[in-house]
Every structure is written in C-alpha cells, then in structure tokens.
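Take a look at the structure below.
Because the structure is a prediction, the values reported are computed rather than measured.
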Amino acid sequence: AGTVLRYERTARYLGELLQKEYRMNDIPLKEINHEFIARFEHYIKTEKSCAQNATVKYLKNFKKIIKVALVNKWITDDPFLEIHFKQTKTNRAFLTEEELNILLKKEFTIPRLQTVRDIFVFCALTGLAFTDVQHLRYEHIIKDVNGEYWIRKAREKTDNMCDIPLLDIPRMKKGVVLPVPSNQRMNSYLKEIADICGINKPLSTHVARHTFATVALANRVSMESVAKMLGHTDIRTTKIYARVLDKTVSEEMKGMRSKFVV
C-alpha cells in the first residue's frame, strides 16, 4: 500500500508540474528530457519541501515508468541516461541497551501508555515493523522440536519470511497477539513515554526496529542472522542499520589493551 501511494503521489506531482510550468495536462513521452527531469527535481524540493532522499525516491519512481516505456519501445532515447541519484547518509535513531532497560522497567499508571510501551519493547526485541505487529496472530507463533518458540511470519511490506526466536509469549487478545493502536496514535503516545522516561530521542515505531538491529549486532549476533530476522533478502539492506557502538569498540579492544600494559 505504501508503494502504491508513493507512485500515486509521483504522478500527482508530475501533473502539478505540467500545469504550473508547462500550462498543459499531459506531455508526449518523447518530449521528456534532462531539462524536464531537472525541473521535476527542483519542483519536488521547492514546492513540496522534500529532502534529498525523499526526492530521489520520487525520481526513481519516475525512472521506472520511463523504463517501461523504453522496454515497450514507446520511446527510443532514455532521458535518465547519465543522471545519477545521490542519497545523503542518514543517522537512524535507536535506543541503547540502557535506554531500552529504562523503558522496560518503567511502571505506567495510564493503561494506554503501558500498552504502547509493551508494543514498542516487543518490536525492539523482535525487530518486527509496526504493520507486522499489527497483523501478528497466534498462528504465526510456532514451537520447534527443542520446545523453543519462534515468530514465523511474512513481512507485510515485502512478503519476505521472518524467522525470529521469541523469548516470551505475549497474551492473546481477540486473536491478535498485541492490541495495536493506529500508527499515528502509537507515535503520539511514544512521545509522552519518552518524556516520562527522560529519553531525549524522538521515539517512533521505526526506532524500535532500528534498536533491535543495533543491539543485536552489538551483542555479536551475526549480520546474516539479523538479516534473516528482519526479513531482508539482501544483506546490504541490513548494513544500513549497523552501528559500531562504544561498547563494541571497547570489548574488541580489550585483547589489544592487555598486550600493551605500562
């Protein structure tokens, strides 16, 4: 659904650009050139206030449609030839083990905050995205031959299968493992929770998934295992979440420190 919305938004932005700068509702494919693409990029950044990485996503959507036109021989020249996309490196927010423990041990007297905290911690300890937790059901939890419980579920976004060891079984509520509110309400409540816990970070459902990947890698879980649990088919996607924490550096330097003692 998210992908469909991005394509629809790309088409809408193109339509707006045509009307504003070309005074027309449509344009022949053969008239799309480097200049048109540059104008579209400028329009997205200035009129829609999109940052570089968001702009690149819309341009890539546009390029995919042009590729369809080339394959079908509706056009012969590729207007995107020699155009290279440059995304800026982003620092994804995550919680440290200490911050996660503060959140985990905090007692809330307000039920809605207690529930949202539980969902966030669940995501942070399983790596599941918000929509996957929303659709998580009892049948997705299986027991292996060793008596250990696992979450086995296809990701809602990509349909890639996730296999995640589950440390504790949450209680059932109407067939859904956790009573998950809407994403908007969830993120709103997480801001309250961050203030109450003294965590000076913008908590969101995405932060929980980033936390899982970062903490797992810091605790020597292999990149391949983290990728499998996150449902990634390409390990390069998992590397985006990788963080070299001070704790990891300190642990890895212990051997060297012991060899060079004054």
Side-chain angles (χ1 to χ4, degrees), residues 1-93 128-135 153-162 182-188 202 204-207 209-210 213 227 230-242:
T3 304
V4 172
L5 285 172
R6 280 193 293 275
Y7 272 97
E8 288 176 345
R9 199 175 292 125
T10 304
R12 189 171 75 249
Y13 290 172
L14 280 165
E16 291 174 5
L17 172 71
L18 283 171
Q19 289 179 348
K20 183 173 182 180
E21 298 197 20
Y22 293 85
R23 305 300 181 200
M24 55 179 67
N25 295 321
D26 206 350
I27 187 173
L29 281 167
K30 64 183 180 181
E31 291 185 21
I32 295 173
N33 52 26
H34 277 215
E35 182 191 353
F36 183 89
I37 294 167
R39 281 194 180 191
F40 184 47
E41 179 180 8
H42 184 262
Y43 179 81
I44 297 169
K45 287 182 175 179
T46 57
E47 297 295 324
K48 299 302 175 182
S49 303
C50 287
Q52 176 64 19
N53 290 355
T55 300
V56 167
K57 286 182 181 180
Y58 290 121
L59 290 172
K60 283 184 175 180
N61 286 346
F62 187 21
K63 183 178 180 179
K64 286 177 184 176
I65 301 304
I66 293 298
K67 187 176 180 181
V68 172
L70 287 164
V71 169
N72 284 280
K73 301 190 184 305
W74 298 333
I75 54 174
T76 54
D77 297 325
D78 184 1
F80 279 92
L81 195 66
E82 298 302 323
I83 293 179
H84 305 287
F85 302 119
K86 294 181 180 179
Q87 289 186 291
T88 56
K89 188 175 181 180
T90 56
N91 291 316
R92 296 169 182 258
L128 286 176
F130 173 78
T131 186
D132 293 312
V133 176
Q134 260 191 329
H135 294 91
K153 182 186 182 301
R155 285 203 65 199
E156 298 291 324
K157 181 179 178 182
T158 61
D159 207 36
N160 294 334
M161 188 59 70
C162 295
S182 68
N183 196 25
Q184 186 177 5
R185 284 172 57 202
M186 177 96 177
N187 286 330
S188 175
S204 69
T205 53
H206 287 303
V207 171
R209 186 167 165 86
H210 302 165
L230 291 175
H232 293 162
T233 53
D234 189 339
I235 202 165
R236 287 177 299 180
T237 308
T238 314
K239 286 180 179 177
I240 295 171
Y241 295 91

- Taking side chain as C-beta onward, heavy atoms only, is T55 less than 4.5 Å from F85? no
- Heavy-atom closest pair (H232 atom, T238 atom, distance to 0.1 Å) is ND1-OG1, 2.8 Å
- Item | Interatomic distance, R209 atom CZ to D132 atom CG [nearest 0.5 angstrom] | 7.0 Å
- Task: Indicate the ring-plane relationship of F80 and F62, choosing parallel, tilted or perpendicular according to the 30° and 60° boundaries.
- Result: perpendicular
- Between R155 and C162, the two heavy atoms sitting closest are CG-SG, 3.3 Å
- With a 4.5 Å limit on heavy-atom distance, are the side chains of D77 and N33 in contact? no
- Has the side chain of H34 got a donor or acceptor atom that lies under 3.5 Å from a matching backbone atom of L81? yes
- Query: Which distance, rounded to the nearest 0.5 Å, do you find between the CG of L18 and the CZ of R39?
  - Reply: 10.5 Å
- For A69 and L29 the tightest heavy-atom approach is CB-CD1, 4.0 Å
- Message: Within the 4.5 Å heavy-atom criterion, are T131 and T205 side-chain neighbours or not?
- Response: no
- Query: What pair of heavy atoms forms the shortest contact from D159 to A154, and how long is it?
  - Reply: OD1-CB, 3.6 Å
- CG/N72: more than 12 non-hydrogen atoms of other groups inside 6.0 Å: yes
- d(D78 CG, L70 CG) to nearest 0.5 Å is 5.0 Å
- Item | Sub-4.5 Å side-chain heavy-atom contact between R12 and R9 | yes
- Item | Rounded distance [0.5 Å steps], NZ in K57 versus OG1 in T3 | 9.5 Å
- Query: Name the one of L14, I66, I75 that satisfies side-chain contact (heavy atoms from CB on, under 4.5 Å) with I32?
  - Reply: I66
- Item | Distance (rounded to the nearest 0.5 Å) between M24 CE and E31 CD | 6.5 Å
- Task: Quick one: closest heavy-atom pair of I83 and P79, and the distance?
- Result: CD1-O, 3.5 Å
Scan the side chains in residues 41-49 for donor-acceptor partners under 3.5 Å anywhere in the protein, sequence neighbours excluded, and list what turns up.
unit_1	atom_1	unit_2	atom_2	d
E41	OE2	K45	NZ	3.3
Y43	OH	E16	OE1	2.7
K45	NZ	Q52	OE1	2.7
T46	OG1	H42	O	2.7
E47	OE1	K20	NZ	3.2
E47	OE2	K20	NZ	2.9
K48	NZ	E16	OE1	2.8

- Task: Take atom CD of Q184 as the centre, draw a 6.0 Å sphere, and report whether it contains more than 12 heavy atoms from other residues, nucleotides or ligands.
- Result: no
- Decide yes or no for N25 and Q19: does some side-chain heavy atom of the first lie under 4.5 Å from some side-chain heavy atom of the second? yes
- Does some side-chain heavy atom of C50 sit less than 4.5 Å from a side-chain heavy atom of Y58? yes
